[in-house]
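Only one structure is covered here, and it is reproduced in the block below.
Note that the structure is predicted; figures quoted are calculated from it, not measured. What you see below is based on every heavy atom in this structure, not just the backbone, and it leaves out hydrogens, waters and symmetry mates.
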Amino acid sequence: MSLEPIVAEVTVPVTPTEAFVGFTAQMGEWWDPMLTPDPPTFSSIAIDPDGPVETVHDDDQRYTWGRVDGWDPLGHLVMEFWLGHDQAEPTRLDVRFTEEGTGTRVRLVHSDWADGSEQVRAKYTHWDDLLARYAAFVS
């Protein structure tokens with residue numbers, strides 16, 4: 001097993017700013033509820049550009065699973081990420097939105113795996129599927 005970064009990419013037919021907004025402010029619209037702490041009650045995702053990333057569930061129950069480290073609506077999002085693993089050993093999501101032809105290339109890199117976390121890393125097989133859901137939403 002490996003601790004190499006996981007990389008997923010997709011190209012969407014919108015501007016980098018529109019792609020960024022679709023990825024961040026509208027994440028709850030395309031995120032797979034099965035990848036949340038309580039799928040039946042999932043309602044949205046809240047992202048504070050200066051703070052936490054949370055899934056929001058019925059009765060305003062919130063589960064924090066990340067923290068924004070970098071927010072540039074012109075093309076770059078960076079966050080600590082611990083959905084599905086220990087918050088004490090966060091990983092890093094680095095998402096770049098780059099103009100490409102008549103659309104935007106979205107490149108997600110999931111990295112900074114702690115030594116010994118190979119089994120945790122092996123669970124993260126859904127990034128391509130999530131980006132496909134995202135692309136369908138913003139297209």
Side-chain angles (χ1 to χ4, degrees):
M1 286 193 254
S2 169
L3 291 177
E4 291 295 313
I6 297 169
V7 178
E9 293 184 337
V10 67
T11 301
V12 294
V14 298
T15 68
T17 300
E18 291 167 326
F20 183 91
V21 169
F23 194 91
T24 56
Q26 298 168 330
M27 186 181 284
E29 300 296 320
W30 55 266
W31 191 267
D32 186 347
M34 296 306 294
L35 300 177
T36 69
D38 188 10
T41 66
F42 172 73
S43 61
S44 67
I45 293 178
I47 301 178
D48 179 340
D50 297 312
V53 179
E54 303 170 314
T55 55
V56 181
H57 297 261
D58 292 352
D59 299 325
D60 204 34
Q61 178 70 36
R62 292 174 176 254
Y63 297 92
T64 301
W65 50 268
R67 178 161 302 282
V68 174
D69 286 336
W71 181 275
D72 178 0
L74 297 178
H76 194 200
L77 171 68
V78 180
M79 70 171 74
E80 289 184 327
F81 181 83
W82 58 82
L83 181 61
H85 64 275
D86 190 351
Q87 181 179 350
E89 294 184 343
T91 54
R92 179 179 186 87
L93 290 185
D94 188 315
V95 187
R96 294 185 184 267
F97 305 82
T98 308
E99 189 172 347
E100 186 172 276
T102 59
T104 299
R105 182 170 52 95
V106 180
R107 184 172 196 265
L108 180 147
V109 179
H110 188 178
S111 64
D112 289 3
W113 300 96
D115 288 339
S117 66
E118 290 85 355
Q119 289 184 341
V120 172
R121 184 199 176 278
K123 294 188 307 183
Y124 287 90
T125 60
H126 301 289
W127 287 122
D128 287 330
D129 294 336
L130 283 171
L131 286 186
R133 290 173 66 103
Y134 158 75
F137 175 76
V138 298
S139 295

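The number of heavy atoms from other shown groups lying within 6.0 Å of CG (Asp59) does not exceed 12. Heavy atoms from other residues, nucleotides or ligands lying under 6.0 Å from CG of Asp86 number more than 12. Atom CD of Glu118 has more than 12 neighbouring heavy atoms from other residues, nucleotides or ligands inside a 6.0 Å radius.
For the pair Leu77 and Trp71, the minimum side-chain heavy-atom distance is below 4.5 Å. The closest side-chain heavy-atom distance from Glu9 to Thr11 is not below 4.5 Å. In this structure, Gln61 and Thr41 have side chains that are not in contact, with every pair of non-hydrogen atoms separated by 4.5 Å or more. Side-chain contact between Phe97 and Val21: absent, with no pair of heavy atoms (C-beta onward) separated by less than 4.5 Å. Between Asp48 and Val68, the closest side-chain pair of non-hydrogen atoms is not below 4.5 Å. You'll find the side chain of Tyr63 stays beyond 4.5 Å of the side chain of Leu83, heavy atoms only. For the pair Pro37 and Thr55, the minimum side-chain heavy-atom distance is below 4.5 Å. Counting heavy atoms from C-beta on, the side chains of Val12 and Tyr134 come closer than 4.5 Å.
Rounded to the nearest 0.5 angstrom, His76 NE2 and Thr98 OG1 are separated by 9.0 Å. A distance of 5.5 Å separates CH2 of Trp127 from CG of Leu108, quoted to the nearest 0.5 Å. Atom OG1 of Thr36 is separated from atom CZ of Phe42 by 6.0 Å, given to the nearest 0.5 angstrom. One distance of note links OG1 of Thr17 with CG of Leu74; it measures 5.0 Å at 0.5 Å rounding. A distance of 10.0 Å separates CD in Glu18 from CD in Gln26, rounded to the nearest 0.5 Å.
Closest approach of Ala19 and Thr104 over heavy atoms only: CB-CG2, 3.9 Å. Here the closest heavy-atom approach between residue Gly84 and residue Lys123 is recorded as O-NZ, 3.0 Å. Nearest approach of Leu3 to Asp115, heavy atoms of both residues: CD1-CA, 4.0 Å. Taking each heavy atom of Pro90 and Gln87 in turn, the nearest pair found is CD-O, 3.2 Å. Closest approach of Arg133 to Pro33, counting heavy atoms only: NH2-CD, 3.9 Å.
Using modelled atom types, one side-chain atom of Arg121 and one backbone atom of Glu4 make a donor-acceptor pair closer than 3.5 Å. Side-chain N or O atoms of His126 include none that pairs as donor or acceptor with a backbone N or O of Leu35 at under 3.5 Å. Judged by distance alone, with hydrogens and angles left aside, the side-chain atoms of Ser44 form no donor-acceptor pair with the main-chain N or O of Val56 at under 3.5 Å. At least one donor-acceptor pair under 3.5 Å links the side chain of Trp82 to the backbone N or O of Thr64.
Taking the six-membered ring for Trp, Trp31 and Phe137 have ring centres at least 6.0 Å apart.
Taking the six-membered ring where the residue is Trp, Trp30 and Phe23 present tilted rings, their angle falling between 30° and 60°. The aromatic rings of Trp113 and His110 lie tilted to each other, with the angle between the two planes from 30° to 60°.
Cluster membership for Ile6 and Val106, using ILVMFWY side-chain heavy atoms within less than 4.5 angstrom, is shared. In terms of hydrophobic clustering, with Ile, Leu, Val, Met, Phe, Trp and Tyr side chains grouped at heavy-atom distances under 4.5 Å, Tyr124 and Val53 are assigned to a common cluster. The cluster map of Ile, Leu, Val, Met, Phe, Trp and Tyr, joined by side-chain heavy atoms under 4.5 Å apart, puts Phe81 and Val109 in different clusters.
Using a cut-off of 4.0 Å between Lys/Arg side-chain N and Asp/Glu carboxylate O, Asp69 and Arg67 are scored as not salt-bridged.
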